[in-house]
Engineer: 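Next up is a structure, given as structure tokens.
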Amino acid sequence: MKRRFSRQGAGPDVALVADLVAAIGRDRVRNDSAERALLRRDASVFDDGVAGPVCFPGSTADVQAVVRTALRHGRAVVPRGAGTGLAGGAIPLGAPVVVSLTRMNRILDMDNDARVVWVEPGVVNLDLTKHLQPLGFHFAPDPSSQQVCTLGGNVANNSGGPHCLAYGITNAHIIAIEVVLPDGEVALLGGLEAEPPGYDLRGAFVGGEGTLGIATRIAARITPTAPAVRTLLMSFAEVRHAANTVSAVIAAGIVPAAMEVMDQRITQAVENYVHAGYPTDAAAVLLAEVDGLADGVDIDAQAIAQIGREQGATEVRLARDDTERMLLWTGRKTAVGAIAQIAPDYYLHDTVVPRAKLADVLAQTYEIAERHGLIVMNVFHAGDGNLHPLLLFDAREPGVVERVHVAGGEIVKASLDAGGVLSGEHGIGVEKQAYMTLLFTDDDLDHQNRLRKSFDPDCKANPGKVLPSGHSCADIQMLTAVPKGMWV
Amino acid sequence: MTAPPLAADPVLAAFAEEVGATDAVAVEGARTRWAVGGAVADGTRLVKAPTGIVRHEAEEMIVCVRAGTPVAELAATLAQRGQRCALPDHGGTVGGAIAAGENDLLVLGCGTLRASVLEVRYVSAEGRLIRGGGPTVKNVTGFDLPRIMVGALGTLGLIAEVILRTNPLPATSLWAMATDADPFAARDALLRPAAVLWDGTHTWVNLEGHAPDVTAQLALLGTVGRFAEVQGPPPLPACRWSLAPGELRHLHAQQLGGFVASVGVGLVHAERPQPSRALPPTVAALSARVKSNFDPTGRLNPGRNPGAR
Ligand SMILES: Cc1cc2nc3c(=O)[nH]c(=O)nc-3n(C[C@H](O)[C@H](O)[C@H](O)COP(=O)(O)OP(=O)(O)OC[C@H]3O[C@@H](n4cnc5c(N)ncnc54)[C@H](O)[C@@H]3O)c2cc1C
Ligand SMILES: Cc1cc2nc3c(=O)[nH]c(=O)nc-3n(C[C@H](O)[C@H](O)[C@H](O)COP(=O)(O)OP(=O)(O)OC[C@H]3O[C@@H](n4cnc5c(N)ncnc54)[C@H](O)[C@@H]3O)c2cc1C
């Protein structure tokens, strides 16, 4: 039954909202239908969320007060950054209190000896790097969504990016986290010291997808920006040649800062969009970058070019200057934006396979998509075997969404059959819960659950995510029963 | 199910069988870090982890190795194909190194041990074989069991086998030393030193990479002090202090005795032991929940406490 509240701003959950307002102030709590509707979903294809009241805390104390208030009302909480997650991690299930960290966006102290900067979780990834640039540093994890995604989201999803090949993913760049635990206690996990004693709770928290508590302050490692960079663009007549080049470079003992591959369809889309000078007639282009000191980058760039030619590159181009280099990267990083020209909807997948299997699994993605009458484009972090098949569709076409999900499932299975894993950087969220049993036994999942329950014994932090049905905090049927007085 | 169940490997199955599900048990490695975290409780049965290198895939930058394998054997095998890993080679076993969780002296070059453990296969308190993480260099598939096993001293699970990330060996590596250099300035002058050490008087640096880069960095160091190439690092005093890198500016020789500090890292090798620090109460409570969830009866390595070091 639909029920609407006419009084502006009142909405459902009157008592809860009153307590939240008392705890953190009227201007930090929203409960109107527009706000709740807006936060029902994230950048994934899943949209079955139901948001409760939305809070915008300004401090750790605010977050703590929100968590405690929600707890008193028996409600779960879901932390939220920019909502760019692609696995549905931030989707509110069962009308939890949504904790948006976007107003906690200050860059705090920097420690030059430790090469660490403390930030609040709502700081945008690229803003941090821009802040550090004049000082000769940057934050190494650079997801393609870095213009909007937050450090809190990066930590929760253990996000990656093109330059994580040499520099490592988010977990390697976070050394301490202040967390409001699901019971409302505040704990500092990890620390600036060399080897903090005790269990590595910091390491466990990173990648916890908001189910282990809410990060309120983050000590992020800052990376000195290398003085010399060489960026190569190589074109290939077959996707396989590009994939083989990637394997051959690693086998030759070179770990470039980044190695990204784009297939012809995505290259054409990007070229139409940003005019980066990509060759649109090649079956695949490989963007390889090395950074470091002047002599070494030349040695590596020449070796990579040589390997590319041996593997059949039809063109090898070295970016002449920073402008050309930036243009090549802009193209790569706007790839997903560019495909909006081609189809109204897309589903971006994320699996990892051993590098040696890249070419085979790619071939399978084309075959799978064709069999289901879909268009697939491939743009991916080839250096670490991280595939990102993009399925394009128009959701208005009857039955197409179902086909997209079936094709996606087949791509996941093909990756696992090749010895890969379910996700390289987007996480499990609600997207891949059901696939977890393909990779792990019940005993394995039971142990993952033990870790989760150590942080959140009562399933109050972002329930219904990561672990598949049958494990505690996974079954949200009872939670999705909409609370009394709630509109839908 | 794509990967075969762990129990299908007779070596892992036999180790799980040996660990069993009832009595107090701990893994005995090479005993190089036997005293860390306190003494093992009397009457605890000691078992050995399986040994051997299962496979090294240099082009995938991974190695799968049994936990009882000596780190030295692993290092030699990786070197044959021009690679290395983050495990310190000081006479211990792979499992012991991971359970102790200490980083190598060259941590700024070879990376942290914590980040290098991609997949862990261990025997649980219930005697079951558990797999966490994945065999690829990049993986965010569920809760991160490998992270919680590193440095846990075998109190949450007994490690049978791991998959580690490997990296190419640098083309060149050299040590240089100066007696007149500010170690902090030396660190700031270099792009990616693998180590900067300081004993209060001498500063040592380890430079690695392509030969011309190493030469250029050494020349650059001339602005900081008169550095000359030396054979290797100084002998390291036995005790490890874990400090924040900024604290190295205010070291007290009377507290430490002789010391060798790792600049930019915060680790100090000293003659006297670091006073043990209590975990803050919320962290201690959370750690206790982790322990009781993984090992409800407290049978894994009783007596040892990773928080007390
Ligand atoms: C176009 C596009 C390109 C992308 N490219 C990449 C890429 O290259 N690499 C990559 O890894 N990802 C990529 N992503 C995915 C996404 O941007 C990342 O996962 C990002 O880190 C999410 O950050 P966010 O602030 O948007 O988090 P949200 O989507 O708001 O939340 C993500 C998860 O984090 C939790 N969370 C948020 N803040 C906190 C906090 N403070 N404490 C605890 N939990 C919290 C949420 O509950 C949720 O589970 C891309 C997405 C898009 C749309
Ligand atoms: C710079 C540096 C210098 C070092 N120098 C020295 C040195 O001079 N002398 C020295 O003794 N060490 C030294 N070490 C440390 C040592 O090399 C490692 O920590 C070592 O590999 C430990 O292995 P082990 O087999 O000896 O462990 P052990 O001492 O046998 O065990 C350590 C702990 O781990 C547990 N454990 C062992 N194996 C497992 C397993 N498979 N599963 C679960 N738990 C397990 C044990 O029960 C015990 O609690 C140094 C380390 C560094 C970084």
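Within every chain, numbering begins at 1; the chains are lettered A, B, ... in the order of the sequence lines, protein sequences first and strands thereafter.
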Engineer: First locate atom OG1 of B/T112, then atom CD1 of A/I175, and finally report the distance between them rounded to the nearest 0.5 Å.
Structural biologist: 11.0 Å
Engineer: Do the side chains of A/T441 and B/P5 get nearer than 4.5 Å, heavy atoms only?
Structural biologist: no
Engineer: Just to verify, what does B/D144 make a salt bridge (Lys or Arg N to Asp or Glu O under 4.0 Å) with, not counting sequence neighbours?
Structural biologist: B/R147
Engineer: So which of B/V140, B/I148, B/T282 has the largest heavy-atom pair count under 4.5 angstrom toward chain A?
Structural biologist: B/V140
Engineer: Ignoring hydrogens and angles, state whether a donor on the side chain of A/N386 or B/K138 is under 3.5 Å from an acceptor on the partner side chain.
Structural biologist: yes
Engineer: Between B/E60 and A/A356 (side chain of the first, backbone of the second, donor and acceptor by atom type, cut-off under 3.5 Å), is there such a pair?
Structural biologist: yes
Engineer: Heavy-atom pairs under 4.5 Å with chain A are the metric here; pick the option from B/F294, B/F184, B/W241 that has the most.
Structural biologist: B/F294
Engineer: Count the heavy-atom pairs under 4.5 Å between each of A/G427, A/G385, A/S454 and chain B, then report the option with the highest count.
Structural biologist: A/S454
Engineer: One thing to verify: whether A/R355 and B/E57 come together as a salt bridge, which I'm taking to mean a side-chain N less than 4.0 angstrom from a carboxylate O.
Structural biologist: no
Engineer: As an exercise: rank A/V352, A/V249, A/V186, A/I254 by heavy-atom pairs under 4.5 Å with chain B and give me the winner.
Structural biologist: A/V352
Engineer: Do B/E126 and A/R450 meet the salt-bridge criterion of a basic N to acidic O distance under 4.0 Å?
Structural biologist: yes
Engineer: Under a 4.5 Å cutoff for heavy-atom pairs, which residue among B/R192, B/M61, B/R249 has the most contacts with chain A?
Structural biologist: B/R192
Engineer: With chain A as the partner, which of B/S276, B/P280, B/P212, B/G157 has the greatest number of non-hydrogen pairs under 4.5 Å?
Structural biologist: B/P212
Engineer: Sub-3.5 Å donor-acceptor pair from the side chain of A/D113 to the main-chain atoms of B/P245, do we have one?
Structural biologist: no
Engineer: Checking B/R240 against chain A: side chain, backbone, both or neither under 4.5 Å from a heavy atom?
Structural biologist: side chain
Engineer: Output yes when a side-chain donor or acceptor of A/E193 lies under 3.5 Å from a complementary backbone atom of B/G266, and no otherwise.
Structural biologist: no
Engineer: If contact means a heavy atom pair closer than 4.5 Å, which residues of residues 165-173 of chain B contact chain A?
Structural biologist: B/R165, B/N167, B/P168
Engineer: Highest number of heavy-atom pairs under 4.5 Å with chain B: which of A/V255, A/D295, A/V466?
Structural biologist: A/D295
Engineer: Do you know the tightest heavy-atom contact between A/A294 and B/D213?
Structural biologist: N-OD1, 4.3 Å
Engineer: For the residue pair B/Y122 and A/H447, categorise the inter-ring angle as parallel (less than 30°), tilted (30 to 60°) or perpendicular (more than 60°).
Structural biologist: tilted
Engineer: Are A/N449 and B/F143 side-chain neighbours, meaning at least one heavy-atom pair lies under 4.5 Å?
Structural biologist: no
